[in-house]
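Notes follow once the structure below has been shown.
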Amino acid sequence: MSVARRTLLGAGLAAAASALTGCGDNDAPGPGAGGPGDAVTATDAAGNRVGFGSAGNTGPPSGAPSTTASASGAAVPAGQARYAQDVTALLRKQLPATPQTVTHKGFPGAVAVVLVDGKTTVHTAIGEALRYGAGPKLLTASKRVATRPDSIFDLASVTKVYTAILLLQQVDQGRVELGAPVRDYLPAFTGAGKERITVEMLLTHTSGLPVGAKVTGLPDNAARWNAVLTTGLIAGAVPGDTFRYSSVGLMVAGKIVEKVTGQRLDQALKSNLTGPLGLRDTGFNPNTWLSSNAKASRLAATDARSSRGLLRGTVHDDVANHLGGVAGHAGIFATATDLAAIGQMLLNGGTHQGTRILAAATVRQMLTNHNAGKPAVDPERPNRTAAHGLGVVLNQTWFMGRLASSRTFGHTGFAGPSLLVDPNRKLVLALLTNRAHPNWSWSNPDPVRAAVGDLLAREVN
């Protein structure tokens with residue numbers, strides 16, 4: 001996301017605080033250097049999780065070889081695909097060079113989960129979930145927190161996939177029609193030309209609504225949501241004609257979910273998606289449902305230079321934060337394992353471990369390109385195409401790499417997460433990074449996303 005887009009989203013980041021303080025050398029080694037603190041996990045042939053913890057600390061399953069060789073020549077822990085160590089090595093290159101290095105090439109920490117045909121082939125955790133304090137300030141080694149396989153990350157715009165699923169459930173139940181005007185469900189959705197916007201246009205980013213809404217300086221949440229619903233069209237935009245990425249569209253989609261279910265979006269998420277699937281590590285505002293120990297040990301931090309101070313367990317997106325942390329475009333936190341389950345559910349045609357979430361026909365519609373032949377306007381990514389399903393991005397090499405195809409789908413998030421599903425290979429990749437920690441302007445997360453896609457395209461047939 002460009003600086004311009006982030007400004008439109010109401011970032012309001014304290015640029016004056018961008019200079020680091022307190023970054024003195026520390027002789028003690030820190031987890032950010034990688035190595036002993038890294039963890040790689042997977043499942044064996046029987047489906048048992050192996051290697052959960054520091055790599056090499058867990059023995060192989062009975063009868064399994066202790067190691068195999070990866071393409072890089074490194075030893076691969078038992079139970080891993082041969083390319084697991086190569087994924088880890090690729091990600092580790094993005095970490096700060098040393099424990100004392102201030103900046104990073106990509107991110108302080110990351111977790112990746114790869115599923116192939118429903119089996120976990122890679123589960124790797126590297127670097128640090130918390131490296132900087134407010135200021136930002138490089139923390140001493142004793143105050144940093146290593147990334148764990150079950151670390152919980154801000155999903156940012158990957159939240160849009162969840163909102164789309166919740167809305168499509170209401171389509172399945174006959175409570176919402178994709179072709180109906182949004183105003184049929186939300187009478188407060190007012191403004192010139194907006195009567196032409198349909199529910200489908202919200203999910204395909206063809207509504208003509210802008211990226212962000214102005215919600216600052218208003219007295220309460222009711223006023224802020226009214227500002228969202230009355231946000232006007234982009235000048236000259238014609239609903240349905242052009243792909244323009246719009247977080248406002250998914251904010252409105254989330255309000256439709258609330259209207260027809262009678263539940264707030266966080267409650268609808270738990271009742272209709274995470275609860276049925278048993279995803280206990282997914283939800284809005286994690287500081288309200290995690291234990292004190294989990295908050296300290298499992299939350300990945302994002303910005304450390306904003307006017308809000310260090311963000312950890314608090315949504316990074318400023319508009320979502322002003323809306324109470326619960327919105328259709330951003331605000332969900334999750335582990336890589338939980339995110340991968342969402343991808344696997346869609347890959348399975350709407351079911352996961354015997355629980356049906358969406359009708360198979362609805363999933364097919366969700367994963368079909370609804371924008372064929374339409375232009376795309378995205379100054380940040382001028383080579384981006386309009387290819388988009390209902391709440392999911394389709395066939396985009398800029399983050400999918402060589403896994404991109406007409407059937408490949410997923411989504412990215414500003415804070416560093418991404419979900420990628422390649423039906424041709426029956427592959428799911430959940431890649432969570434804290435690249436916005438402590439400063440989102442330090443790195444572009446797309447190249448490493450594409451590089452992991454390239455690696456997997458070579459290794460998985």
Side-chain angles (χ1 to χ4, degrees), residues 31 34-61 64 66-68 70 72 74-92 94-95 107 109-129 146-153 155 158 277-282 297-298 300 333-345 347 352-353 403 410 416-422 425-434 448-449 452-453 455-456 459-460:
D38 295 345
V40 183
T41 70
T43 53
D44 60 20
N48 300 310
R49 182 167 291 179
V50 295
F52 201 96
S54 296
N57 289 351
T58 302
S66 58
T67 62
T68 58
S70 69
S72 65
V76 178
Q80 302 299 298
R82 62 187 179 88
Y83 50 81
Q85 207 76 356
D86 299 319
V87 171
T88 302
L90 190 161
L91 294 175
R92 194 177 289 143
Q94 307 299 312
L95 299 177
F107 39 73
V111 179
V113 167
V114 177
L115 309 178
V116 178
D117 201 17
K119 302 294 184 182
T120 305
T121 62
V122 179
H123 191 171
T124 183
I126 64 164
E128 296 162 329
T147 312
R148 299 167 28 151
D150 63 348
S151 288
I152 295 172
F153 288 73
L155 295 190
V158 179
L277 292 182
L279 306 181
R280 294 187 295 272
D281 292 327
T282 300
S297 62
R298 297 179 61 197
F333 288 69
T335 61
T337 299
D338 276 12
L339 177 58
I342 296 297
Q344 189 66 45
M345 179 273 292
L347 182 60
H352 186 60
Q353 297 182 346
L403 289 177
S418 57
L419 172 67
L420 187 158
V421 183
D422 179 2
R425 292 176 171 82
K426 299 181 180 179
L427 181 150
V428 176
L429 167 63
L431 175 59
L432 302 183
T433 78
N434 57 350
V448 69
R449 290 165 171 160
V452 175
L455 189 160
L456 295 174
E459 297 293 338
V460 181

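In what follows, every heavy atom counts, from backbone to side chain, and hydrogens, waters and symmetry copies are set aside. Along the sequence shown, residues carry numbers from 1.
In this structure, the separation between OG1 on Thr335 and CG on Leu432 is 7.5 Å, given to the nearest 0.5 Å. For the atom pair Leu456 CG and Leu429 CG, the distance stands at 6.0 Å (nearest 0.5 Å). Annotation: the span from Glu128 atom CD to Thr147 atom OG1 amounts to 7.0 Å, rounded to 0.5 Å. To the nearest 0.5 Å, atoms CG (Leu90) and OH (Tyr83) are separated by 14.0 Å.
Residue Ala112 comes nearest to Val87 through the heavy atom pair CB-CG1, 4.5 Å, listed as atom of the first residue, atom of the second, then distance. Residue Ala300 comes nearest to Asn434 through the heavy atom pair CB-CB, 4.4 Å, listed as atom of the first residue, atom of the second, then distance. Contact detail for Leu91 and Thr124: the closest heavy-atom pair is CD1-CG2, 4.2 Å. Taking each heavy atom of Thr433 and Ala110 in turn, the nearest pair found is CG2-CB, 3.9 Å. Scanning both residues, Leu427 and Leu347, for their nearest heavy atoms gives N-CD2, 4.2 Å. Nearest approach of Ala336 to Val111, heavy atoms of both residues: CB-CG1, 3.7 Å.
In this structure, Arg449 contributes its side chain and Pro417 its backbone to a donor-acceptor pair below 3.5 Å. Asp117 contributes no side-chain N or O that, together with a main-chain N or O of Lys426, makes up a donor-acceptor pair within less than 3.5 Å.
Legend: residues meeting side chain to side chain contact (heavy atoms under 4.5 Å, CB included) with Ala340, ordered by chain and number and at least two apart, are Val113, Leu115, Val428, Ala430. With sequence neighbours left out, the side chain to side chain donor-acceptor pair (under 3.5 Å) criterion links Gln344 to Asn348. The salt bridge (Lys or Arg N to Asp or Glu O under 4.0 Å) search around Arg298 returns Asp150, Asp281, not counting sequence neighbours. For Thr282, the side chain to side chain donor-acceptor pair (under 3.5 Å) test picks out Asp338, with sequence neighbours left out.
Two residues are said to be in side-chain contact when any heavy atoms from C-beta on lie closer than 4.5 Å; Ile342 and Leu277 meet this criterion.
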